[in-house]
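Worksheet: the structure to be examined is printed underneath.
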Amino acid sequence: MPAQRRSFTRLLAFCLASAAFAHAFVVLQQQAPILLEDASRGADTLASKELVDSTVLQSTITKDNLLKRAQDLYEIAKVSVDEWQHPTRVIGSEGHAHTLEYIAQSLESLGDYYNISTQSFPAVVGQVFESRLVLANGVPDSARAMSNTPPTPKKEPVLGKLALVHDTGCAPHDYPSDVAGAIAFIPRGTCSFGDKSALAGLAGAKAAVVYNTEPGNIAGTLGRPSPNHVPTFGISAEDAASFIEQLARGEKIDASAYIDSYVSEIKTQNVLAQTTAGDPDNCVMLGGHSDSVGAGPGINDDGSGSLTLLEVATQLTNYTVNNCVRFAWWSAEEEGLLGSDYYVSVLEEEEKAKIRLFMDYDMLASPNHAYQVYNATNDVNPLGSEELRDLYVDWYTANGHNFTFIPFDGRSDYDAFIKNGIPGGGIATGAEVIKTEEEEEMFGGQAGIAFDPCYHELCDDVSNLNLDAWVVNAKLVAHSVATYARSLNGFPKVNRQALASASPYEPRYHGSKLAM
Ligand code: DTR
Ligand code: ZN
Ligand code: ZN
């Protein structure tokens, strides 16, 4: 086992041992976070601290501190170079293991202000190295191998006829007998790409092609691996149209599919820190993700968010709080929000009720930024989401900043919380979407290029950060923490009974990948 991993594993082993003797403040549940630090000894020193104040906490946020953390994080990403040939903090890499160690050690250096815990869960890592889809001697431009797709056997091309699947491809009877030994041609929609791939496999298909039923390409994921998954591509509706007509006329179409990829399950960890002070039945929660994509170091996505949490958590230790504050550094966000999904999935109902709101901070320093607020509304999202949205709106307005609303559409770690009735929200500075002329007027920068042209790229390094935007947003994060840590008076309480009849919130995204 590489030396670096041993040090984090040693730390974890030590934490497990000390947790066995610690007075557990956290309600220990099945797969609950493992307490790393017993903070009962420090409670008395908290009494001498001033109650947190937003203006004061905001004043402790500085560009120098944030930049130093970003530089440290890039050095951490570089430990992956031996195994990945470039800096990355993708789950399973040394860069991510060191990121977790940096977070845990930074928190432990804060003494006993926090109960620190880690939560281990299974995750999936996958990489598509090469792929090629040929339909009737042509290569559809839009063909993309799905994330987490298995490779073709022996990583060699498979040949077969294209077999049109009926209806939505979401039920076994949608797969006619001629799918066996063929390449299944499946419409998108109604169920996940993973379900379609597994049903195609159960019907004996050698591979599967999911074609879009709306304009554009499909950047999809199969999600958690299944033994029934087959090598799976997505293609656009435009590229599929002629083949659908030919197949409907009963014409035979030769196809070949080739994918060189790997998919494997690993264990990874969320890191959590909760103030020992404050009402533990009324917790303010905020999160960022500790992982990056495999392609690069992720200093904006989401170093900016996760380092902001660390800096605010550090400065907060100078004050006391009325409501508890729980920080979360999610792992495997890039693999489909796995860390936050897992965390919420093992929460007992009474534990969910203690989380009064969850604030998501994912990409706070995009180089060609806009100040973006998730457009949460109480008619669609849990009661309180709109009030949280308006906290951001009011702060940007009061501080003379323009802002825009962006869809609250399931693309980051708030998704599991709002699906479970916990009010959520957050801010971002933009990813692959192109800045408009109007937004250039509002925020400066350059219209016609992406808010973050290095999104999910190797160049998402320290030079990719808009430090001025980052300081503004980090101060807003401090404001959000101080405001709710000080008082939740007037903030809507969730009626968990009413949730049962609530209309299901079914976002199109789950993380950065379309799930269906
Ligand atoms: N940070 C992105 C996911 C993400 C969160 N909010 C948005 C808004 C627009 C695009 C992407 C996102 C990631 O982790 O990939
Ligand atoms: Zn992100
Ligand atoms: Zn990302």
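We count ligands from 1, going down the list as the structure has it; atoms in each ligand are counted the same way.
A salt bridge is absent between Lys155 and Glu130: the closest approach of a Lys/Arg side-chain nitrogen to an acidic carboxylate oxygen does not fall below 4.0 angstrom. Taking the charged nitrogens against the carboxylate oxygens, Asp362 and Arg411 have no contact shorter than 4.0 Å, which rules out a salt bridge. With respect to the salt-bridge test (charged N to carboxylate O, under 4.0 angstrom), the residues Lys419 and Asp415 qualify. A salt bridge does not link Lys78 to Glu83: none of the charged side-chain nitrogens sits closer than 4.0 Å to a carboxylate oxygen.
Taking the six-membered ring for Trp and thresholds of 30 and 60 degrees, Trp84 and His86 have ring planes more than 60 degrees apart, a perpendicular arrangement. The aromatic rings of Phe129 and Tyr262 lie parallel to each other, their planes meeting at an angle below 30°, with 60° marking the opposite boundary. Under the 30°/60° scheme for interplanar angles, the aromatic rings of His401 and Trp395 are found to lie parallel.
Applying the 4.0 Å criterion to heavy atoms of Met363 picks out, from ligand 1, the atoms 1 (N), 2 (C). Proximity to Ala431 (heavy-atom distance under 4.0 Å) selects the following atoms of ligand 1: 10 (C), 11 (C). The His289 neighbourhood of ligand 1 comprises atoms 14 (O), with distances under 4.0 Å to a heavy atom of that residue. For ligand 1 and His456, the ligand atoms under 4.0 Å from any heavy atom of the residue are 13 (C), 15 (O). Less than 4.0 angstrom separates some heavy atom of Glu334 from each of these atoms of ligand 1: 13 (C), 14 (O), 15 (O).
Residue Arg411 has no nitrogen or oxygen atom sitting less than 3.5 Å from a nitrogen or oxygen atom of ligand 1, judged on distance alone. By the 3.5 Å distance cut-off applied to N or O atoms, Ser412 is not counted among the residues near ligand 1.
For the Zn ion (ligand 3), the set of nearby N, O or S atoms under 2.8 Å includes one belonging to Asp301. Inclusion of His456 in the first shell of the Zn ion (ligand 3) is supported: an N, O or S atom falls under 2.8 Å.
Restricting Asp362 to its N/O/S atoms, the shortest distance to the Zn ion (ligand 2) is reached by OD1. When you scan the N, O or S atoms of Glu334 for the one nearest the Zn ion (ligand 3), you land on OE2. Looking at His289, its N, O or S atom nearest to the Zn ion (ligand 2) turns out to be NE2.
Residue contacts with ligand 1 include Asp301, since one of its heavy atoms falls under 4.0 Å from the ligand.
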Ring pair (Phe, Tyr, Trp, His ring centres under 6.0 Å) assessment of Tyr396 paired with Tyr371: CA-CA 8 Å; Tyr396 279 130; Tyr371 292 123; 5.1 Å; yes
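Aromatic ring centres of Tyr343 and Phe121: separated by at least 6.0 Å.
Neither the backbone nor the side chain of Trp330 comes within 4.0 Å of ligand 1, counting heavy atoms alone.
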